[in-house]
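As structure tokens, the structure follows; a few thoughts come after it.
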Amino acid sequence: MRHAILISSALLATACGEPVSNAVFEEDLEFLAALPDAEQQRVALDEEVEQADEARAAAGWCDPETRPYLLCWSYDVGGNINAHVLAMLAFVDYVRAWPPTERGPDSRVWGPYEYEPGRWIRLDMQRSGGLYTWSFSLSPAESGPWTPFFDGDHYRGETVARGVGSYTLDYAGYAAVTGEEAAGTLTVDYDTEADTELLVHFEEVLIGDLDQPLTADYWYGGDEDGGELEFSGEANWVEESDAEELFRVRTRWVDGEGGRSDATLGGGDIPDGWDDVRISQCWGRYGFGTWEWSNYDEVLTESGDPDACVFSDFAEPEHI
Amino acid sequence: MIALLLGLLSAGHAAVTRFALVLGNNEGAPDTRPLYFAEYDAEKMYRILTDVGGVDPERATLLLGASRNRLLREMGELRMAIQMAEANGDDTMLIFYYSGHADEERLELGRSWLTWEELDQFLRYSGADVRMAFLDACRSGAMTRAKGATRAPSFIFELSERLDAEGQVIVTSSARDEASQESDEIGGGYFTHFLASALSGAADADADGKVTLTEAYRYVYDETVYQTRESAHGTQHPTFEWDLAGEGDIVLADLDRGRATLVFTPDFQGRYAIFDRDRREFVAELDLDGTREHRVSLRPGTYLVQERFPTHLLVAQVRLADGETADLDGASFAAVEYEHDIAKGAIQRRIRRAKQPDLSIHVGAGTRRFSDPEVEASYFPTVVAGSIGARWNFHDHKWVSGDLVSGAGAGAIQVEGLSWDIPVVVTGTTLGVGFGYATAPRLFQVGGGIRMAGVYTTRAFPGQDIPTQALLSVAPGLEAWVGLHPGNLAFEFDLRSHYLPYLVDDRDVGFGFSEGLLTFGYRF
């Protein structure tokens, strides 16, 4: 057998053609791995709370009688982030189903593909060391002209799929080709090298049901045990008038055990001198409230057992 | 097969129906070397018995390479035929001839056998009035020794007074402790050669146109002993067992039945050999004393008549037409040196041919696939292949082969993680040689062995800007085949399994691939 291998090796030198290898396809896979993955780029909420939510959907989610509204709000925010990111990454998933149309030593091109009738899409990717840059373009015709609308970059970590990067969807660019009403940009900065961190930034986004441009930041960090979600905005927390208060929320949870949301309020109906209005709500497994507290009685009064909180300290947002 | 022979012309029998069962088998037990001429000798005896032995071809059966089961079946049919003839009031005679391997216990029929005892029982209870067995096999004397007979010198058999015989005669080619020898000089076994020669007329000592058992045995005994006297295997002594009651002489061959006759007038003196140019065989050898006419019964054809001298031959060519009787007066004899002897050359060519391996050429179709599902799925889909090849089957059950298998197939491969299939066109060519062992070349034959193949395989990716990839390597392997061989045709299923060492994607992997082929061939 050893002789056979040696003879074989000698003969290989005389073989006509490239050696048999799937390396080119493995490289295709590497390029695809450098694109954001919807499974990684999502806010992973406590599944037990979500399952409890589904079981009680008929009774109404976030019934103030049974659920802390900061929890409900956090889940709404998380769901919205996931929906937007998923919508963005639908373009990525689309090209994943096709082989590249052009291959270079450090580049790949997918498309043009007719994404929808009259809308052609293509993806150009470049590799330089561990940096992958990519750009989706749209065109009303197969031959162009091409309008970039979705691009990003990715630094590979220990594996290509795990790394640091960012991507931006230009709603205006997309709308320029599709004719839809849309504006603003949505940018996601991510770090998936170890755990998952997402910083989602809406900049003057005006799409769908939004009646005014949205500018907001959301941050999510999660690992296999739980996660955190930070967001801010304006809402009419103190209903003395229609004036909305500014708020910043940080929600933390441990999967299968419960969580805590802490919020700070300002402006609106908050009297002058109260620049440190705080609200905290805790919940246990399945999302049922265990304790809530505020230092401003106009918002809520303390109830429940503070020792039942999974997190005992008040924590303000750190990333937004 | 049934056939029989014996020209038993017994002076008091108006109707004698002769049956003959002629059996030849080159194959013996697994530990024996196959014979070259046993089946050939059986064919020769079959012709003699049906030409001059008085056996109607419809009552003569020739079995070549038959197994025990086949032989027993034929014996059963023969017994029924004899009994029907007896029921019609005919006197019957059964001649059994066997050429092949044997030991002290049995006839060897390839991997099966028939014991001497079983043969004796068959003969005794066949129902024939006279049973005769001619056994050209090593230690066939065991058959007569078992019956209490001993080596019989020719002169003790004075049978001319026997008439209206009934009983059994067994003539064996050698004594119990002797080998029966084949000769490259004559292209057959000594015993059968001289028995055939005797029945053709060489043994007609009284020149009455009939060869009796006594004459035949005496001739066969004398010639066999004489020709093997200096053999390295020892002198071969035919034996004879006689258990006949009645009177009269048993005539084995009636030369008047022959289709053509060659007559040596009393002028001829010396040792003559007659060579059939058409069949490339010696048909008779005669010692003529120049005192009387001598007749030899032959088939129509072209013959060389040789008179042998120590330094040269005198050779004449004679053509005999159907029904013609010709004498050699006026024949033109020419002196020929032994090295220019046409007969010898022809015999040697036939011997070489007999010793040459059987060649079969075959073409086929099938598939080639890699046994590792991952390799098949990710690298080489199964391809449809065609083949052309040759195999040489040697007489010692060995075979060697060479073949070319080439095929192509379009399919798709998958790479884990990719959500699309990759279209690929695979071609594969295998140039291989094999060596192994097979069962005896019968209707069904099975073989197995080892192989070494050069493998050239390409992968092309239509519609994609990826260069064609190629693999060239050598692959050791195993091969097994099973064949159905009616006549010269061969239908076989051939399965080969190879190990293909190769370095793929920086992984030192070994591919196992197999080829399954249905082939059709012709055996020369």
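In terms of heavy-atom pairs under 4.5 angstrom with chain B, the leader among A/Ala97, A/Ala33, A/Pro99 is A/Pro99.
With a threshold of 4.5 angstrom between heavy atoms, B/Ile466 approaches chain A through side-chain atoms but not through N, CA, C or O. Contact of A/Leu32 with chain B is made through the side chain alone, with heavy-atom distances under 4.5 Å. Only the side chain of A/Val24 comes within contact range of chain B, with at least one heavy atom under 4.5 Å from a heavy atom of that chain.
Residues A/Glu203 and A/Tyr171 are not in side-chain contact: their nearest non-hydrogen atoms beyond the backbone lie 4.5 Å or more apart.
Taken to the nearest 0.5 Å, the CG atom of A/Asp189 stands 9.5 Å off from the CG atom of A/Leu198.
The shortest heavy-atom contact between B/Asp494 and B/Glu479 is OD2-OE2, 2.7 Å.
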Let me see the working for A/Gln41 and A/Tyr190 under side-chain contact (heavy atoms from CB on, under 4.5 Å), right down to the final yes or no.
CA-CA 8 Å; A/Gln41 313 272 328; A/Tyr190 62 85; 3.4 Å; yes
